[in-house]
Amino acid sequence: MGSKERLVVIGGVAAGMSAASSAKRLKPDMEAVVYEKDFYISYGLCSVPYYISGVVKQFEDLISLPPDAALARGIEVKTCTEVLAIDTAAKTLRVKGPGTDGESITPYDKLIIATGGLPIKPPLADIDLAHIFTIRTLDDGLAIRKYIDHGNARKAIIVGGGYIGMEMCESFRKRGLEVAVVEKTDRVLGTMNAEITAIVEAKIELEGVTFYPNTTVLGFTGNNDAVCGVVTDRGELEADLVLLAVGSKPNSNLARDAGIELAPNGAIRVDEYLRTSAPDVFAAGDCAEAIHLVTGKKTYIPLGTTANKQGRIAGENAAGLNKAFEGIVGTAVTKVFDLEVARTGLSAIEAEMEGLCFITSTIKGRSRSSAYPAGKIITVSYIVEQDTGRLLGAQMVGEEGVAHRIDTLAACLHAKMTVADVARLDLAYAPPFASVWDPILIAANVAAKEVLKVK
């Protein structure tokens, strides 16, 4: 293997490039090689909806670190190169190069698996027809925008009402398409509280989006190998563009085939140092699990923020440190037209699934002082443990002031605070930015009173 210690990273997007970069910063003389099966590396997947809508003009703006810039950091990136197998006993990889390049065997001293997630594609009739898309890579975004740019798309059906589905409502409407969302459950945004999702549903319908809740997709119909309809249990919907946005799953088959332990949900099992069950093999990002700090249990919540943090720690540990990744609380925010929608911690549905005794408390506050013009209504919903008053989760929706307020409540979850603790926080006040009683504090005071009522 030579005198240099060799780090190999499988996957060149968020977690993978963070891992390689942090390892090289800590140990500059370490050889670092990244294998990425696609052409592009280190891009912002969360910005792809805004590229499709035209808010982001050039896809190059989504790329934070091209291969030549990575090479300047001492990281060799091999794009269009797929890792086919891992031999943990021999500490080698079987790799297929681009074009006509054949397979080869390459060694590693330390390995980081950062293979990301895969879009869920249900086994439905004619799901492989042309113009049925998913969004998990930059290539997916390029293909969708190219199709819309050609002017052939008129009616879009979004299958799934999660974060991506809601963001793409706005993207497609900005491009002038008719849009409908088909969701098999009774609400958008998955397990979020009904008090929040009802506001989002009203908003998308106001913006011209048709919403079909409690509707199951059975398959698709085509014309000349291109999609022309979505078959549901409530009838067929006409479409010339379909977006499958029903969630993602860990891309962990490579690890599984190597005998590396997986969780029941398919994510790669890791300890607090992001080590897998195989010696000198780490995993990070959307392929790996993480500890949920509210429940104390392992979970799978694929988010770009988690991927970057896990990647950094996995790289540092592969370079010789012993740093722990403490966990997550599932903080997320999304933009749905001019609404900001955010959550952290558990929803009521999730708290019930955990068998927790809890109350839900919801209030409406203002983003600014009532005397200051242009303030907006913010709806805040808390999930609180009944006996202890501990904050278990929070959700918000409003036209402004939501995205950063949720971060305060994420910090409260990290600190395991009660709503009485939250109510005592010394938060900043000035009329252009908040009311003297911030919605966070109002919600905490109301929830604390509700806790006392049930004791």
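Nothing here was measured: the structure is a model prediction, and the numbers come from that model. If you read the sequence from its start, that first residue is 1, and numbering goes on from there.
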Flag if over 12 foreign heavy atoms under 6.0 Å of CG, Asn224: no
Charged N-O contact under 4.0 Å between Arg94 and Glu103: yes
Option among Asp407, Thr306, Thr344 that satisfies the side-chain hydrogen bond (donor to acceptor under 3.5 Å, both in side chains) test with Thr331: Thr344
Heavy-atom pair of closest approach, residues Gln310 and Ala290: NE2-CB, 3.8 Å
Val13 to Tyr43 - nearest heavy-atom pair and separation: CG1-O, 3.7 Å
Over 12 foreign heavy atoms within 6.0 Å of NZ, Lys203: yes
Salt bridge Glu289-Arg269, side-chain N to carboxylate O under 4.0 Å: yes
Residue Lys298 excluded, over 12 heavy atoms near NZ under 6.0 Å: yes
Any residue meeting ring-ring contact (aromatic ring centres under 6.0 Å, His included) with Tyr40, in chain and number order, not counting sequence neighbours: Phe59
Pairing residues for Val246 by the side chain to side chain contact (heavy atoms under 4.5 Å, CB included) criterion, not counting sequence neighbours: Ile120, Pro122, Val159
Residues Lys96 and Glu82 bridged, charged N to O under 4.0 Å: no
Flag, side chain of Arg154 to backbone of Asp240, donor-acceptor distance under 3.5 Å: no
Short N-O contact, Arg136 and Asp140, less than 4.0 angstrom: no
Residue pairs fulfilling side-chain hydrogen bond (donor to acceptor under 3.5 Å, both in side chains) with at least one residue in residues 8-24, sequence neighbours excluded: Ser18-Asn308, Ser21-Arg73
